[in-house]
Amino acid sequence: MYKKDPAVSPKLFDVSQAASYLGVNPGTIRRWAHNGQLKGIKVGIRGDWRFTETELLQMTTSVTSETQQLQIPADQNITNSELIKTPNIPHLEWGDMTSTDHFVQFYENDAFLLDSLSKFIGMGLKENDACIVVATHEHRTRLEARLQSYGIDITEMQMKGYYESLDAQQTLEQFMIDGLPDRKLFFSIIEHVFEKITPKRKQIRVFGEMVALLWAEGNHEAAVQLEALWNDFGALHTYSLFCAYPMHGFGKESHGLHFREINLNHKKVIPTESYTALINPDERYRTIALLQQKAEALEAEIIDRKRIEQQKDEFFAVASHELKTPVTSIKAYTQVLARKMQKKGDSETAEHLQRIDGQLNRLSALIGDLLDITRIDVGKLQFQETTFDSNELVTEICTELQMTTETHTIKKSLKAKTSVFADRARIGQVITNLITNAIKYSPDAKKIHVRTETTEKQTIISVQDFGVGIHQEEQQKIFDRFFRTKSVEGNTFPGMGIGLFISAEIIKRHNGKIWVESEGKRKGSTFFFAIPLHTGN
Ligand code: ADP
């Protein structure tokens, strides 16, 4: 796809750029230019064609009809006439949308989205429709620059109330409650925008990117619910709605179900540019065949990998179990020996044996983590819930860990009312992991601050350090299995990148939430987790 930044764009498109822009073959462009369908100018001694974007935009409506004609072979039979009724080419006539379309476009590159969006909104404004754009700041800015280059005066359109542009993130924040869209709030906010704009023009076009933001955040349920809300809102108002999602957000097998739901929520689905840009039916069938082969191969590969994964899990379970037994026994003998040496007055050997004991503790914790990972994988991480005071647990762990460090002072600030119903040992494991990480990743600091606070429904425990910090981009990934930040890679910090993954799983299984805040490199980090308070409190 030809990428074109409006700010630095050439004023004229050559044949191949025009072909990419319209998604047709260069030969088609030359033919259109030759027979005068597409207005262009000839330049240079060879008389090469050049076209303005406005002329290309004008062509977008006729491209579809030409495309559809192309599909109808001369000797039509029943299958071919079916094809005409349901053309296999999902080109949209941007100038001739129905007033109640709800379609979704998947895209690979921003440039492609911007092309479609500019045509959808540009044609809309030219056809005297009112247009509402709810998008990211970047997309709104680039769209408006493109519209200006089509000769559309955006400021005038805005002043007349024909064009309304809203920030997707800010709009979302106005109607999201507890991670899901609130129906009443959503209706009242969108209603308000419509009221501003509807009296001015008959038909309305909306481009919405809020669903894509929710999807990118990993809030898939909310994205699907918001699509459904737009459909419900469509029962009260007449408008055509264009949604867009980057295809790279659907790269997991587990996304399949929601992907299907998203498609069901739309009247039309437009595949990404690698398919849509192919204009020739033969090319399209070939592409479908290739995709089918790829899907088949991937399906087989997934089954194969799952089998290997299962074997690996079983191996891990057995191996960590086998490791645990001799470690426990070495530990017992070490302690017996240490006591003997102490009695004999050989305090130097006794101290060495205590060091061995300390290292054995680390080894058992690592083996425990490996076992937990396996249990998580096979869905067998089990919990024994009891009612306990989380402040007491925090105090116990802080006292215990304070004995293991000479470099850091663990400071506590605990608030009242902290009775929870949870697995005490597992919550303790999370707190221990956060504090030991805080010590490990702040080698130059002297203090760790552990706090508890309560809201009406939750107790929140946080561990703050003043160490290496975590870069903004890595904060989302920090709870993924085996993830280690760039600042610790190649450094001397020991670790396997599984402690936080296990902690996150434990908190998730307690219906809680775990997150991190850090202003970045060398600014320290604060890890938080929240679990529900005991209801009988
Ligand atoms: P490990 O510490 O064994 O590598 P974790 O799962 O506990 O594994 O942590 C994952 C990664 O998160 C660490 O490798 C480190 O990069 C980062 N991390 C964890 N805690 C902190 C912290 N307090 N400060 C900075 N980075 C941290």
Side-chain angles (χ1 to χ4, degrees), residues 218 316 319-320 323 327 358-377 381 394 397-398 400-402 404-405 407-413 425-452 460-510 512-530:
F316 260 110
S320 27
L323 284 169
V327 170
Q359 291 301 316
L360 285 170
N361 284 344
R362 280 190 60 192
L363 190 57
S364 341
L366 288 176
I367 296 170
D369 278 356
L370 284 177
L371 256 178
D372 281 349
I373 285 267
T374 325
R375 287 187 185 125
I376 290 172
D377 286 343
L381 195 62
V394 168
I397 293 172
C398 287
E400 203 179 294
L401 290 177
Q402 185 63 76
T404 66
T405 170
T407 47
H408 292 73
T409 307
I410 305 171
K411 185 172 178 271
K412 298 186 301 285
S413 309
R426 289 292 184 186
I427 297 298
Q429 183 181 347
V430 176
I431 302 170
T432 306
N433 183 29
L434 297 184
I435 300 179
T436 45
N437 273 351
I439 297 171
K440 179 163 72 175
Y441 296 112
S442 66
D444 301 326
K446 293 191 174 65
K447 198 174 67 178
I448 306 291
H449 203 151
V450 183
R451 298 180 179 87
T452 62
I460 302 170
I461 299 178
S462 66
V463 178
Q464 181 180 20
D465 68 58
F466 304 88
V468 296
I470 300 161
H471 200 276
Q472 185 77 32
E473 286 160 18
E474 294 181 308
Q475 290 176 18
Q476 289 283 333
K477 303 184 195 143
I478 199 106
F479 300 99
D480 290 352
R481 177 205 304 240
F482 306 133
F483 184 81
R484 308 201 75 211
T485 59
K486 286 215 177 68
S487 52
V488 310
E489 260 176 19
N491 221 311
T492 48
F493 298 113
M496 297 196 293
I498 54 177
L500 286 179
F501 170 72
I502 297 169
S503 300
E505 181 69 19
I506 294 173
I507 299 304
K508 193 168 85 190
R509 295 277 304 276
H510 280 85
K513 195 180 156 207
I514 186 164
W515 70 102
V516 63
E517 286 175 9
S518 172
E519 283 178 18
K521 226 175 159 186
R522 294 200 200 91
K523 296 272 173 63
S525 321
T526 309
F527 281 82
F528 298 83
F529 73 86

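Just so it is clear, the values below take in all heavy atoms, side chains as well, and ignore hydrogens, waters and symmetry mates. Just so you know, ligand 1 is whichever comes first in the structure, and atom 1 is the first atom listed for that ligand.
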Checking a contact table here: which protein heavy atom is nearest [atom], and how many Å away?
atom	result
atom 4 (O) of ligand 1	Arg484 NE, 2.7 Å
atom 23 (N) of ligand 1	Asp465 OD2, 2.8 Å
atom 7 (O) of ligand 1	Asn437 ND2, 2.7 Å
atom 2 (O) of ligand 1	Tyr441 OH, 2.6 Å

Original post:
Is Thr526 reaching over with its side chain to a backbone N or O of Gln464, donor-acceptor style, under 3.5 angstrom?
Top reply: no
Original post:
When you look at Gln429 and Ile502, which way does the side chain to side chain contact (heavy atoms under 4.5 Å, CB included) test go after all the steps?
Top reply: CA-CA 9 Å; Gln429 183 181 347; Ile502 297 169; 3.7 Å; yes
Original post:
Stepwise, does the side chain to side chain contact (heavy atoms under 4.5 Å, CB included) test hold for Val468 with Ser442?
Top reply: CA-CA 6 Å; Val468 296; Ser442 66; over 6 Å; no
For [X], atoms of ligand 1 separated by under 4.0 Å from a heavy atom:
X	value
Thr485	15 (C), 16 (O), 17 (C)
Asn433	7 (O)
Ser525	24 (N), 25 (C)
Phe483	10 (C), 11 (C)
Ile478	12 (O), 17 (C)
Lys440	1 (P), 2 (O), 3 (O)
Gly469	25 (C)
Ile470	25 (C), 26 (N), 27 (C)

Hey, is [X] touching ligand 1 through its side chain, its backbone, both or neither, going by heavy atoms under 4.0 Å?
X	value
Val468	side chain
Met496	backbone
Ile498	backbone
Phe527	side chain
Leu500	both

Original post:
Would you call Lys508 and Glu505 a salt bridge, using N to O less than 4.0 angstrom?
Top reply: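 Salt bridge between Lys508 and Glu505, a charged N being under 4.0 Å from a carboxylate O: yes.
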**OP:** Take Gln402 and Thr409 through the test side chain to side chain contact (heavy atoms under 4.5 Å, CB included) and record every step on the way to the result.
**Re:** CA-CA 7 Å; Gln402 185 63 76; Thr409 307; 4.3 Å; yes
Original post:
Please walk me through it: do Phe493 and Tyr441 pass ring pair (Phe, Tyr, Trp, His ring centres under 6.0 Å)?
Top reply: CA-CA 7 Å; Phe493 298 113; Tyr441 296 112; 5.1 Å; yes
Measuring from [X]:[atom1] to [Y]:[atom2], what's the distance to the nearest 0.5 Å?
X	Y	atom1	atom2	value
Glu517	Lys523	CD	NZ	14.5 Å
Asp465	Lys440	CG	NZ	12.0 Å
Leu381	Arg375	CG	CZ	7.0 Å

**OP:** Mind running side chain to side chain contact (heavy atoms under 4.5 Å, CB included) on Ile448 and Phe466 for me, showing each step along the way?
**Re:** CA-CA 7 Å; Ile448 306 291; Phe466 304 88; over 6 Å; no
Subject >> For Phe316, the option from Thr374, Leu371, Ile373 that meets side chain to side chain contact (heavy atoms under 4.5 Å, CB included) >> reply: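 So, applying the side chain to side chain contact (heavy atoms under 4.5 Å, CB included) to Phe316 and each of Thr374, Leu371, Ile373, only Thr374 qualifies.
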